[in-house]
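Here is the structure we will look at, set down as structure tokens.
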Amino acid sequence: MEILFLLMCVATLAHSIIKRRRIPSGAFRSVDAIVPAFNEGPCLASSLQNLLRNPYINRVICVNDGSTDNTGALLDTLAPLCNGRLIVVHQANTGKGGALMNGLNHVSAAQVFLTDADTLVPDEDDGLGYMLAEIEDGADAVGGIPSSNLKGAGLLPHIRATVKMPMITIKRTFQQLLGGAPFIISGACGMFRTQVLREHGFSDRTKVEDLDLTWTLVANGYKVRQANRCVVYPQECNTLREEWKRWRRWIVGYAVCMRLHWRLLPSRFGLFSILPMLLLVVFGVITYGTAWMASIHLYGGLHGLLPALFPLLWVIAVTALGAISAVHHRNVWLMPLASLAVLYVLLSYAIWIGYGIRGLFTGREPARDKPTRYAHVVD
């Protein structure tokens, strides 16, 4: 496992060095953005204003998907102040896929950027320009890197942020190299040729519409790429209860997507991008279970669990990832918190055992739960 991780890091570094030669697109104001919004009052205005300041964005289409809070009123107040660049669409609640496809009806640009209402897209860098450069180079769809918005966030988001950005970068780069496409174009950060989305759009047949769409595009022969130099900042869950529900949606959705796209499994993409995510869980559960039993037998009780949860190689590896995140977020506390990211590993294993396997065989998903939003804090 350690050797595989080291190979992934080396491959990602080499790929990143090669990609450094690519310059961002100079096609400013050439991308329309769609933002679905359901009860996003606390954070929506800040996210939209950031998008409108981005030099690559032409217009922002925000779809109010039947919100019951102040989202609709906020949009109606904000739109007249944006010189026609904020298009507001009100509709009855259909779900995220339906909201995105309704927003697509109002897109006039050749490229469309999709993001979430809680996500801050930096306006001071060329992240979207690197995504657009991939489109100009022949890609049909491009994914960025969702990091973590730590402004106003509690302890759990900081633990999550210690490894999230570097691990997503490493995994999706490796999937791109071996599988031909990244595992997913995240709903928080994706750019598409508009015509491609009109031909193969989102649906609400799963609770992970972004994963479903990514695999649909791969299955239909479209070129799906990764742009690691585009990093955005969605909000994280502040409570373990909400984190559990969100990871349950992701994991069961992944299992259901394997049922829906079973023809992809024996393909290059299936063997190197889809299946390894499941196989790593199987290997991890077996390894952890064996290590726990051996450690408890050797040391006894709690004294045995601690070395099993925090083996030296794990601590070294995640501290290195935490150092990368600490520099990126300019937050030195992410380094000592990195070892606690084992919480998310155990969380995913527990959900796979309790819900994921069932979803794989039944195709049923739990109801979609919305995390609590909090206001963006501006420096």
Side-chain angles (χ1 to χ4, degrees), residues 36 38 65 93-101 114 116 141 143 146 164 167-168 171-172 175-176 179-190 192 196-197 199-222 224 226 234 237 241-285 344-371:
F38 175 71
D65 188 32
N93 183 265
T94 64
K96 187 176 180 180
L100 287 166
M101 295 312 294
L114 307 182
D116 292 328
K164 181 181 179 182
M167 275 307 301
I168 287 178
K171 286 192 298 184
R172 293 186 189 171
Q175 290 159 354
Q176 174 81 65
F183 178 77
I184 183 175
I185 295 180
S186 168
C189 186
F192 302 81
V196 169
L197 267 191
E199 292 172 357
H200 298 278
F202 289 94
S203 80
D204 285 308
R205 63 179 180 172
T206 78
K207 303 297 190 299
V208 286
E209 61 290 318
D210 48 2
L211 185 63
D212 188 14
L213 175 63
T214 304
W215 294 8
T216 296
L217 294 181
V218 172
N220 283 278
Y222 290 99
V224 180
Q226 182 71 25
C237 295
R241 172 184 169 85
E242 290 186 342
E243 199 70 275
W244 174 275
K245 290 181 178 179
R246 184 170 68 165
W247 280 71
R248 183 180 62 180
R249 174 172 64 84
W250 288 344
I251 288 170
V252 179
Y254 166 35
V256 170
C257 277
M258 282 197 288
R259 285 176 56 90
L260 292 172
H261 298 274
W262 60 270
R263 290 182 180 85
L264 273 178
L265 299 182
S267 70
R268 173 190 174 190
F269 179 72
L271 293 174
F272 292 104
S273 291
I274 297 177
L275 289 175
M277 302 291 285
L278 174 60
L279 296 178
L280 281 173
V281 171
V282 174
F283 179 78
V285 169
Y344 287 92
V345 176
L346 299 178
L347 183 73
S348 66
Y349 292 170
I351 292 173
W352 261 109
I353 293 170
Y355 298 94
I357 296 173
R358 187 190 315 164
L360 185 62
F361 285 100
T362 66
R364 297 174 185 169
E365 297 176 85
R368 184 170 191 146
D369 292 288
K370 185 178 182 64

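- Of all heavy-atom pairs spanning Ile185 and Ala141, the tightest one is CD1-CB, 3.4 Å.
- With hydrogens and angles ignored, the 3.5 Å screen pairs no side-chain donor or acceptor of Thr206 with any backbone N or O of Gly253.
- Atom-to-atom distance recorded for Tyr222:OH and Thr214:OG1 is 14.0 Å, nearest 0.5 angstrom.
- A distance of 7.0 Å separates CG of Leu360 from CG of Leu278, quoted to the nearest 0.5 Å.
- Taking Arg205 as the reference, Ser203, Asp212, Thr216, Leu260, His261 meet the side-chain contact (heavy atoms from CB on, under 4.5 Å) condition, with sequence neighbours excluded.
- At distances below 3.5 Å, not a single donor-acceptor pair connects side-chain atoms of Arg249 with backbone N or O atoms of Lys245.
- No side-chain heavy atom of Phe272 sits under 4.5 Å from any side-chain heavy atom of Gln175.
- Closest approach of Ala255 and Gly356 over heavy atoms only: CB-O, 3.5 Å.
- Counting heavy atoms from C-beta outward, Pro36 and Glu209 have side chains that stay 4.5 Å or more apart.
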May I have the step-by-step check of side-chain contact (heavy atoms from CB on, under 4.5 Å) for Phe192 and Leu213, ending in yes or no? CA-CA 11 Å; Phe192 302 81; Leu213 175 63; 3.8 Å; yes
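- In this structure, CZ in Phe183 is found 4.5 Å from CE in Met277, a value given to the nearest 0.5 Å.
- Considering all non-hydrogen atoms of both residues, Ser186 and Arg172 come closest at CB-NH1, 4.1 Å.
- To the nearest 0.5 Å, atoms CH2 (Trp215) and CZ (Phe269) are separated by 6.5 Å.
- Between the side chain of Asn93 and the backbone N or O of Asp65, at least one donor-acceptor pair lies under 3.5 Å.
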Mind running salt bridge (Lys or Arg N to Asp or Glu O under 4.0 Å) on Asp116 and Lys96 for me, showing each step along the way? CA-CA 10 Å; Asp116 292 328; Lys96 187 176 180 180; 2.7 Å; yes
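- Checked options Val218, Ile184, Val196; the residue passing with Val224 is Val218 (criterion: side-chain contact (heavy atoms from CB on, under 4.5 Å)).
- Using a 30° and 60° split on the angle between ring planes, Trp247 and Tyr344 fall in the tilted class, from 30° to 60°.
- Between Trp244 and Leu347, some side-chain heavy-atom pair lies under the 4.5 Å cut-off.
- Heavy atoms only, all atoms of each residue included: Val208 and Cys257 are closest at CG2-SG, 3.9 Å.
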Chi angles and distances behind the salt bridge (Lys or Arg N to Asp or Glu O under 4.0 Å) call for Glu243, Arg246: CA-CA 5 Å; Glu243 199 70 275; Arg246 184 170 68 165; 2.9 Å; yes
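- With a 4.5 Å cut-off on side-chain heavy atoms, Val252 and Pro366 count as touching.
- A 4.5 Å side-chain heavy-atom check between Tyr355 and Glu365 finds every atom pair outside the cut-off.
- Looking only at distances, no side-chain donor or acceptor of Ser273 sits under 3.5 Å from a matching main-chain atom of Gly270.
- Taking 4.5 Å as the limit, some side-chain heavy atom of Leu197 sits within range of a side-chain heavy atom of Phe202.
- Using a distance-only test at 3.5 Å, with no hydrogens or angles considered, a donor-acceptor pair links the side chain of Arg259 to the main chain of Phe361.
- Note that CZ of Arg248 is 10.5 Å distant from NZ of Lys207, once rounded to the nearest 0.5 Å.
- Nearest approach of His200 to Leu217, heavy atoms of both residues: CB-CD2, 4.0 Å.
- To the nearest 0.5 Å, atom CZ of residue Phe38 and atom OG1 of residue Thr94 are 10.5 Å apart.
- Gln176 contributes a side-chain N or O that, together with a main-chain N or O of Gly180, makes up a donor-acceptor pair within less than 3.5 Å.
- Side-chain contact check for Leu265 versus Leu275: some heavy-atom pair is nearer than 4.5 Å.
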